[in-house]
Amino acid sequence: MNNLKNLREKENITQEQLSKETNIPIGTLRDWEQKNYPKQIQYLIKLKEKLNCTFEELLQEIKQQEEKN
């Protein structure tokens with residue numbers, strides 16, 4: 001079992017609910033729960049480690065843009 005699934009189940013949320021509430025395709029969530037991550041995530045992990053920062057710091061601008069919409 002992976003952390004995404006653990007966190008989702010801890011919140012008593014189904015994949016379908018999470019998909020609907022986040023606008024993330026259910027197939028994508030299923031892939032991530034099966035540890036089939038896209039290359040971009042691996043790149044973000046490398047950047048985070050090299051720059052010694054959090055994902056929030058790294059993605060702050062994207063997060064702010066999402067909040068405006």
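- Between Pro25 and Ser19, the closest heavy-atom pair is C-OG, 3.8 Å.
- When hydrophobic clusters are built by joining Ile, Leu, Val, Met, Phe, Trp and Tyr residues whose side-chain heavy atoms come closer than 4.5 Å, directly or via intermediates, Leu51 is grouped together with Ile41.
- Under the rule for a side chain to side chain contact (heavy atoms under 4.5 Å, CB included), the partners of Asn36 that lie at least two apart in sequence or sit in another chain are Asp31, Gln34.
- Rounding to the nearest 0.5 Å places NZ of Lys35 at 9.0 Å from CG of Asn3.
- Here OG1 of Thr14 is found 7.0 Å from CZ of Arg8. Values are rounded to the nearest 0.5 Å.
- Atom CG of Leu44 is separated from atom CD of Glu49 by 11.0 Å, given to the nearest 0.5 angstrom.
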**Chi angles and distances behind the side chain to side chain contact (heavy atoms under 4.5 Å, CB included) call for Lys5, Glu9** = CA-CA 6 Å; Lys5 184 175 182 178; Glu9 289 177 344; 3.0 Å; yes

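- Put simply, Phe55 and Ile24 are part of the same group of oily side chains (I, L, V, M, F, W, Y) that touch within less than 4.5 Å, one to the next.
- In terms of heavy-atom proximity, Asn12 sits nearest to Gln17 at O-OE1, 3.8 Å.
- Here CD1 of Ile13 is found 10.5 Å from CG of Leu29. Values are rounded to the nearest 0.5 Å.
- The cluster map of Ile, Leu, Val, Met, Phe, Trp and Tyr, joined by side-chain heavy atoms under 4.5 Å apart, puts Leu47 and Ile45 in the same cluster.
- Environment of CD in Glu56: sparse, with no more than 12 heavy atoms of neighbouring residues, nucleotides or ligands closer than 6.0 Å.
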